[in-house]
2 protein chains.
Amino acid sequence: MMTEHEDYLVLEKQLCFSLYSASHRLVRSYRLLLEPLDLTYPQYLAMLVLWQQPELNVKELGEKLYLDSGTLTPLLKRLETKGLVSRTRSQQDERVVHIRLTEQGQLLKAQASHIPKTIFQQSAMPLEQLQQLKHSCDLLFQQLEAL
Amino acid sequence: MMTEHEDYLVLEKQLCFSLYSASHRLVRSYRLLLEPLDLTYPQYLAMLVLWQQPELNVKELGEKLYLDSGTLTPLLKRLETKGLVSRTRSQQDERVVHIRLTEQGQLLKAQASHIPKTIFQQSAMPLEQLQQLKHSCDLLFQQLEAL
DNA sequence: CTCAATTGAATTGTGTGCAATATACTTGAG
DNA sequence: CTCAAGTATATTGCACACAATTCAATTGAG
């Protein structure tokens with residue numbers, strides 16, 4: 001008694017809901033591992049970037065994380081309060097705010113090094129399937145971004 | 001110069017970040033389509049459930065959406081304000097709140113019927129790959145849920 | 001050189017997520 | 001029958017996301 005279109009409106013059939021739920025559940029798994037580091041998942045993402053590139057500005061960080069200043073400014077202020085990063089305005093262009101990893105922030109990297117492997121083990125899924133999942137997510141992102 | 005563990009700490013190699021970004025981007029695509037219906041994506045998810053089952057309580061809805069009352073109560077109050085659902089306490093057990101689809105809420109279903117197909121087209125990805133993506137997300141969710 | 005347009009960040013406001021707590025109600029062991 | 005334990009929902013508080021706006025600083029066309 002459902003039209004073809006209406007049938008697609010079933011929650012369990014929607015890819016987006018699966019993606020949405022899996023993403024939240026995965027972040028929840030990270031939460032337990034990040035609690036000892038006193039980091040939230042988005043803060044951990046920012047630290048990941050800084051561990052690779054210890055200095056960059058808010059715009060550059062936003063481009064890597066796909067987040068805007070409305071999200072990043074308060075997040076970075078919290079990281080600053082914890083002593084993990086410093087925020088200083090550029091001398092050359094005072095609109096720009098440089099984010100720098102502090103020594104304390106650098107030290108935190110060692111405590112995070114086990115996390116990716118732990119999450120991988122918790123997923124209890126074949127590496128190959130996870131790689132394929134990642135690849136499909138990246139492609140989906142690109143397709144939607146391109147619109 | 002990176003240890004094996006440290007190499008995993010590269011943002012672009014992390015499945016979770018791909019999942020996280022793809023999920024947010026997909027919700028953003030929904031946002032444009034849902035704007036004419038005056039619904040947010042989580043509100044749309046709640047409506048999807050109600051279009052299948054026009055009456056249920058908060059706990060049942062939470063089990064379907066994997067959300068708790070802290071999220072659902074304000075969300076459902078907003079749907080009530082829009083006239084899409086009613087919220088009434090059970091006579092038998094006054095702790096229970098029944099959520100019912102209103103006539104206006106029912107009418108909204110027709111306006112949403114095109115959305116799944118539109119999103120599918122915007123993804124510009126093969127149906128088979130999307131199905132596989134959904135399946136992997138569902139599996140990942142289950143594995144993490146089972147811990 | 002000048003001012004309109006642009007840019008980078010911050011601010012504001014709305015709406016989730018979710019942990020923790022509170023509250024009211026129901027149930028069941030004794 | 002009673003009260004301790006459990007249950008369903010609501011409330012509170014914190015941290016994102018993100019659109020919209022503001023503001024200060026820079027840039028570039030004429």
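A, B, ... follow the sequence lines: proteins, then strands. Residue 1 opens every chain.
Considering all non-hydrogen atoms of both residues, C137(A) and S18(B) come closest at CB-O, 3.8 Å. Residues R95(A) and R89(A) share a closest heavy-atom pair of O-NH1, 3.2 Å. Between W51(A) and G105(A) the shortest heavy-atom distance is NE1-O, 2.9 Å. Nearest heavy atom pair, residue I115(A) against residue L34(A), reads CD1-CD2, 3.6 Å.
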(Q) Using the rule given for side chain to side chain contact (heavy atoms under 4.5 Å, CB included), can you reason through V58(B) versus I99(B), listing the C-alpha separation, both sets of side-chain angles and the distance that settles it, and then say yes or no? (A) CA-CA 7 Å; V58(B) 175; I99(B) 307 300; 4.1 Å; yes

**Q.** side chain to side chain contact (heavy atoms under 4.5 Å, CB included) evaluation trace for V85(A) with M47(A)
**A.** CA-CA 9 Å; V85(A) 307; M47(A) 294 304 289; 4.3 Å; yes

Q: Before giving the answer on side chain to side chain contact (heavy atoms under 4.5 Å, CB included), spell out for L26(A) and F141(B) the whole-Å C-alpha distance, their side-chain angles and the decisive distance to 0.1 Å.
A: CA-CA 8 Å; L26(A) 196 43; F141(B) 181 92; over 6 Å; no

Q.
Would F17(B) and L65(A) count as a side chain to side chain contact (heavy atoms under 4.5 Å, CB included) here? Give the steps.
A. CA-CA 9 Å; F17(B) 179 63; L65(A) 298 178; 4.2 Å; yes

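Judged purely by atom type and a 3.5 angstrom limit, S123(B) uses its side chain to pair as donor or acceptor with the backbone of F120(B).
The distance between atom CZ of R78(B) and atom P of dG13(C), rounded to the nearest whole Å, is 16 Å. Across the protein-nucleic acid pair, L67(B) atom CG and dC16(D) atom P stand 19 Å apart, rounded to whole Å. Atom P of nucleotide dT9(D) and atom CD of E80(B) are separated by 15 Å, given to the nearest angstrom. To the nearest angstrom, P of dA24(D) lies 12 Å from CD of E94(A). The CG atom of L34(A) sits 16 Å away from the C1' atom of dC14(D) (whole-angstrom rounding).
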Q: Any chance you could list the contact pattern along nucleotides 6-11 of chain C? Use B for base contacts, S for sugar-phosphate-only contacts and - for none, protein heavy atoms under 4.0 Å, 5' to 3'.
A: -BSBBB

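Under the 3.5 Å distance criterion, with hydrogens and angles disregarded, no donor-acceptor pair is assigned to the side chains of K82(A) and Q104(A). Counting only N and O atoms by type, the side chains of Q129(A) and S136(B) include a donor and acceptor under 3.5 Å apart.
Listed by residue number, Y20(B), H24(B), R28(B), R31(B) are the residues of residues 14-31 of chain B with a heavy-atom contact under 4.0 Å to DNA chain D. DNA chain D lies under 4.0 Å from no heavy atom of any residue of residues 38-50 of chain B.
No engagement by E35(B) is indicated, since no non-hydrogen atom pair under 4.0 Å with the nucleic acid exists.
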